[in-house]
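Written below as structure tokens is the structure these notes are about.
A note on names: the letters A, B, ... follow the listed sequences, proteins ahead of strands, and every chain is numbered from 1. For the numbers below, each heavy atom of this structure counts, side chains included, while hydrogens, waters and symmetry mates do not.
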Amino acid sequence: MKQNSPQIVIIGGGVIGTSIAYHLAKQDACVTLIEKNDLASGSSGACDGLVFMQSKKPGVHLSLAMESLNRFESLQRELPIDIEFKKTGGMVIIETDAEYRAMEKFTREQQAIGLDVRLLDQSQALEKEPFLSPSIMGSTFSPLDAQVNPISLTLGLALAAKKNHARVITHAKVLGIHTKNNRVTGVATTQGNFDADMVVNAAGSMAGRVSDMVEMSMPVQPRRGQIVVTHAGKPVLTRCLISAKYIAAKYDPSLADKSGQGISMEQADNGNLLLGSTREFVGFNRENTLSGIKKIIRQTAAILPVLENFQVIRSFAGLRPYTPDGLPILGPVRSLDGFFMAAGHEGDGIALSPITGDLMARMLLGQKIHIPLDAFSPDRFGSNGGKHHD
Amino acid sequence: MKAQYHVIIVGSGVAGLSAAETLANQGLDILIIDENVHTGGQLLRKTRPTSACFPKFDPDRMKSKGFNLVRKINKIQSIDWLFQAQVLGIFKDRRLWVHIEKGEKGSAEFLEVRAEHLILATGARERYLPFKGWTLPGVMSLGSAQILMKSHGVLPARHTLIAGTSPLMMVLASEILGNQGKVTALLDENPMIKKLRFLPLISHHWPKLMEGAIYTARMALNRVPMRQSVRMIEARGRDGFESAIVAKTTPEGKVIPGTETDYLAGALTIGYGFVPNIELPVQAGCDLEYQKDRGGWMVKVDETLESSCRSVYAAGEITGIAGAKKSFIQGKLAAMTILKRLGKTTPGNRKIKFQKDIHTLVSLDRQQKAYASFLNQLCQVPSSAYAAIPDDTMICRCEEITMGTIKKSIQQGFATVGSLKKATRCGMGRCQGRICGPVIFDIITALTQKSPGHVGCSLSRVPVKTVDIKAFLTS
Ligand SMILES: Cc1cc2nc3c(=O)[nH]c(=O)nc-3n(C[C@H](O)[C@H](O)[C@H](O)COP(=O)(O)OP(=O)(O)OC[C@H]3O[C@@H](n4cnc5c(N)ncnc54)[C@H](O)[C@@H]3O)c2cc1C
Ligand SMILES: Cc1cc2nc3c(=O)[nH]c(=O)nc-3n(C[C@H](O)[C@H](O)[C@H](O)COP(=O)(O)OP(=O)(O)OC[C@H]3O[C@@H](n4cnc5c(N)ncnc54)[C@H](O)[C@@H]3O)c2cc1C
């Protein structure tokens with residue numbers, strides 16, 4: 001570790017916090033990550049592992065995702081454990097005429113910026129995934145979409161950070177942030193105080209609470225997602241699937257309730273199917289509901305009828321860090337020196353974690369950045385934290 | 001069936017039954033749910049007549065009391081029953097999600113039902129100490145062997161080897177002999193001194209002492225070889241169990257090299273005591289506590305058996321392993337607590353007597369603690385046994401995770417049950433950690449010496465048992 005280098009404290013041991021820690025430690029920075037429970041005990045340990053490109057609108061979001069995708073392969077090599085990254089390709093399943101028309105338009109916009117995505121009719125879709133229901137209208141397909149094991153990714157990033165001399169402290173909850181002359185000087189935790197020249201708020205859906213500690217309002221809200229897991233069965237899916245309703249639900253919360261939640265499906269390396277998910281605003285409640293579980297199963301089984309030969313072994317729920325404009329909050333906060341935000345990735349935190357870690361490390365170390373980041377600035381919400389959604 | 005009941009009892013073991021008896025005939029709507037085909041739980045798991053070879057043997061009269069209870073309750077019309085029905089989850093406001101194996105249309109069905117007061121009496125399951133080859137076909141738990149014989153009338157094998165620390169070893173041996181089977185040997189981990197040292201704990205429980213003495217005499221009469229201070233090292237066989245390697249241990253429980261011997265048999269049955277079935281209480285949101293001398297993680301209850309969740313009560317083995325008598329007492333006590341809260345008193349009882357009954361039950365319940373302590377200490381293997389499991393031994397059977405993988409992850413800092421699960425997938429498979437969960441807790445504790453609260457407990461989520469997706473589509 002470099003002498004006299006600034007002390008950086010990261011709050012939160014999810015995929016975002018650990019990625020920042022890893023990218024900083026790789027550059028010999030002096031970094032301490034503080035997590036109140038176990039690593040990956042937040043959303044990063046209770047989610048799917050889709051690295052989906054074609055679900056994103058062309059623009060800053062998609063370019064960020066593409067930058068991120070390119071980094072997964074090197075992470076697969078660098079991290080000390082297998083993160084199960086696979087470029088499986090992905091499909092958006094279309095069930096109605098209206099969806100077909102909407103996806104036609106959506107893909108045309110994506111193709112215009114050069115994204116490799118095409119529309120398939122019913123028989124082409126079934127050729128790719130023979131277990132799909134013949135009742136679907138068709139699908140889109142992109143070879144770019146990939147999947148990864150989100151827990152292994154988070155733990156792998158943390159282990160690699162530790163190897164590069166980052167301190168990773170678990171079961172320590174940050175209770176307050178010390179400041180002096182409008183600068184952060186450290187954090188107070190249940191395991192004592194830690195000095196810091198810079199503090200990074202990577203507390204996921206709880207980032208709003210952490211910002212409140214310095215009387216700064218950040219509009220991050222928990223948005224619950226429930227997932228149902230089946231037993232490890234024989235392979236029935238090669239690619240990851242989402243429904244066209246998912247895209248609608250993602251960009252328009254009012255549609256989420258009307259048109260059903262929109263589902264996602266993937267089969268993990270060892271054969272478990274992950275069926276997801278709901279999108280609900282219910283505060284910090286992480287419980288599963290029977291109606292949520294039933295809805296997920298009915299909707300996924302309609303698309304993949306072979307599910308009737310599977311068994312449910314468990315369910316779980318995570319809290320996505322939602323922001324009103326659907327973009328993460330990344331970068332320094334103007335009103336408090338040394339305080340940085342890295343939260344609010346909603347349903348894309350896994351996919352965006354490599355680029356987020358890289359960018360944040362550069363920002364923290366004062367290095368040059370090649371991507372315009374204004375759209376992600378914490379200051380975009382105004383002094384009072386901007387408009388609250390919902 | 002109603003959509004809501006005054007009281008729902010999950011589990012029809014002796015705890016559930018004695019609760020039902022106390023609650024009956026008070027004008028309350030009562031529902032009992034059990035996943036089993038029969039009432040009676042672990043104690044009365046019996047569909048075949050007792051063997052002709054041995055006279056009925058029931059020194060503390062638990063079994064006959066149990067059967068009496070079943071007879072009485074079967075006559076009560078006002079209780080609703082659901083058998084072969086698993087409670088898969090408990091949601092807010094004591095709403096139960098039940099899976100009925102054969103519903104009205106003959107296929108599986110779901111049912112949602114709400115309880116104003118909920119008694120959880122889900123009993124216990126067995127604890128394991130993994131060794132090389134313990135996943136071979138033909139190696140089974142004592143309880144599974146009992147079920148084979150009691151429910152299906154099948155011996156585990158012609159020659160059965162019995163090993164472990166559990167008092168059930170003698171019970172099983174006796175049952176095998178009664179069914180004209182052969183017991184190759186009874187291999188007890190415990191040294192004789194340990195047993196003698198714990199004896200004072202049950203000096204007031206003479207039926208238990210007598211039970212032990214009679215079983216021992218029966219083993220001697222039938223010339224069953226009995227060895228003490230031995231540990232199972234390996235189960236061997238090509239396609240199924242054929243032989244076992246066993247070694248002697250020091251009084252501290254360390255294996256003495258060079259003392260290995262082998263036993264040939266058709267089946268190996270093992271048992272290392274019991275752990276409470278806490279999955280449903282966790283679902284309901286009940287706080288847990290850890291007490292080594294009472295079986296490990298269990299539901300935390302107050303004196304009158306209410307859990308940390310209002311109107312959710314726990315009775316029987318799930319509040320600490322102590323055998324049938326405590327389950328009888330606690331079932332009744334939980335029911336009385338509810339009656340008191342509802343302003344009901346048992347027929348003919350005036351309020352004063354009622355209060356006194358509750359006091360008596362509370363103190364009776366407390367008296368069971370000494371026996372509980374005896375039972376659980378007897379079953380405990382020394383912590384060093386968990387630390388010494390060889391690296392190539394399978395720990396999580398569903399996900400095929402070995403001791404070597406687990407040790408490596410613990411060294412990397414994943415030293416809580418929750419983080420180890422994330423790092424290795426142990427406990428994420430079909431059984432959701434019901435078998436390996438307590439083992440993993442013991443391994444982490446043995447290797448890190450951290451407190452139970454720090455190591456934690458594997459927390460289940462809905463559904464607590466696997467369920468066919470078909471059931472969702474037909475329901
Ligand atoms: C059902 C579901 C499916 C999803 N599917 C996908 C997908 O397919 N692809 C994808 O890219 N993304 C997906 N996501 C989104 C993804 O999970 C999140 O965007 C991502 O995990 C956010 O990571 P994070 O590190 O910001 O938050 P978290 O993982 O929640 O980490 C924040 C951490 O901060 C800790 N913390 C909070 N407060 C404090 C404090 N005061 N002191 C110390 N520590 C604190 C928490 O304990 C937590 O561990 C899904 C999410 C859900 C719920
Ligand atoms: C394998 C085994 C064998 C035993 N054999 C003997 C013996 O031979 N003699 C002896 O004296 N003691 C024996 N015991 C000890 C026994 O635990 C006590 O004697 C006593 O029977 C416990 O009563 P209980 O009511 O607390 O629990 P149990 O008798 O275990 O009853 C619990 C009931 O809850 C039901 N249940 C659990 N979960 C669910 C769910 N999710 N949904 C629906 N129903 C559920 C079970 O089917 C069971 O019927 C044995 C214990 C075990 C674990």
Side-chain angles (χ1 to χ4, degrees), chain A residues 13 35 37-41 44-46 80-81 149-152 154-156 158-159 162-163 168 170-171 226-232 268-270 272-273 275 285-298 300-302 304-317, chain B residues 88-92 95-99 108 110-112 279 283-285 398-401 405 408-409 411-425 427-434 450 453-454 456 458-475:
Chain A
E35 162 58 46
N37 295 320
D38 285 319
L39 293 169
S41 59
S44 308
I81 53 179
N149 180 330
I151 297 178
S152 305
T154 308
L155 302 185
L159 285 175
K162 272 207 253 187
K163 266 199 181 146
V168 174
T170 57
H171 300 274
Q226 305 187 38
I227 288 183
V228 172
V229 189
T230 73
H231 77 271
D269 259 10
N270 57 350
N272 297 103
L273 280 157
L275 313 175
N285 181 334
R286 275 185 68 167
E287 281 160 24
N288 286 93
T289 62
L290 191 47
S291 59
I293 294 172
K294 282 183 173 168
K295 205 187 266 172
I296 289 170
I297 288 179
R298 281 206 205 99
T300 49
L304 197 70
V306 68
L307 278 179
E308 71 167 27
N309 302 330
F310 279 77
Q311 291 172 338
V312 176
I313 63 169
R314 74 168 171 280
S315 62
F316 56 79
Chain B
L88 296 179
I90 300 176
F91 297 95
K92 220 175 137 211
R95 274 170 216 284
L96 273 57
W97 174 28
V98 190
H99 173 249
F110 289 143
L111 174 86
E112 287 168 60
E279 288 74 17
Q283 282 297 305
C398 302
E399 295 289 322
E400 302 190 344
I401 313 292
T405 306
K408 191 174 151 218
S409 293
Q411 278 156 11
Q412 283 176 331
F414 302 110
T416 62
V417 172
S419 65
L420 193 66
K421 183 170 168 179
K422 290 203 163 81
T424 64
R425 298 190 54 82
M428 279 201 189
R430 216 183 246 276
C431 92
Q432 288 292 293
R434 274 195 297 280
K450 287 266 165 51
H454 181 91
S458 106
L459 294 183
S460 69
R461 307 212 51 144
V462 274
V464 299
K465 306 249 163 104
T466 58
V467 54
D468 288 336
I469 286 192
K470 256 199 198 101
F472 286 86
L473 306 175
T474 53
S475 270

Can you say whether B:Glu112 sits under 4.5 Å from chain A via the side chain, the backbone, both, or neither, judging by heavy atoms?
side chain
Part of B:Thr416 lying under 4.5 Å from any heavy atom of chain A
side chain
Who among A:Ile151, A:Thr230, A:Ile81, A:Asn37 has the most heavy-atom pairs with chain B under 4.5 Å?
A:Ile151
Less than 4.5 Å to any heavy atom of chain A: does that hold for the side chain of B:Arg95, its backbone, both, or neither?
neither
Does any backbone or side-chain atom of A:Leu307 lie under 4.5 Å from a heavy atom of chain B? Answer side chain, backbone, both or neither.
both
Could you give me the CA-CA distance, side-chain angles and deciding distance for A:Asn272 and B:Arg425, then say whether side chain to side chain donor-acceptor pair (under 3.5 Å) is met?
CA-CA 12 Å; A:Asn272 297 103; B:Arg425 298 190 54 82; 3.0 Å; yes
Chain A shares the most heavy-atom pairs under 4.5 Å, among B:Lys470, B:Lys465, B:Gln432, with B:Gln432
Can you label the angle between the B:Phe91 ring and the B:Trp97 ring as parallel, tilted or perpendicular, going by 30° and 60°?
tilted
Side chains of A:His171 and A:Asp38, heavy atoms from C-beta outward: is any pair under 4.5 Å?
yes
So B:Phe472 and B:Phe110, would you call those rings parallel, tilted or perpendicular, with 30° and 60° as cut-offs?
perpendicular
At a heavy-atom separation under 4.5 Å, does A:Ala232 approach chain B through its side chain, its backbone, both, or neither?
neither
Stepwise side chain to side chain donor-acceptor pair (under 3.5 Å) test for A:Thr289 and A:Gln226
CA-CA 8 Å; A:Thr289 62; A:Gln226 305 187 38; 3.0 Å; yes
Heavy-atom distance under 4.5 Å to chain B: side chain of A:Ser315, backbone, both or neither?
both
For a side-chain contact (heavy atoms from CB on, under 4.5 Å) with A:Val229, tell me which candidate from A:Val312, A:Ile313, A:Leu275, A:Leu273 qualifies.
A:Ile313
Report which part of A:Leu159 has an atom under 4.5 Å of a heavy atom belonging to chain B: side chain, backbone, both, or neither.
side chain
Under 4.5 Å between any side-chain heavy atoms of B:Gln283 and B:Val464, yes or no?
yes
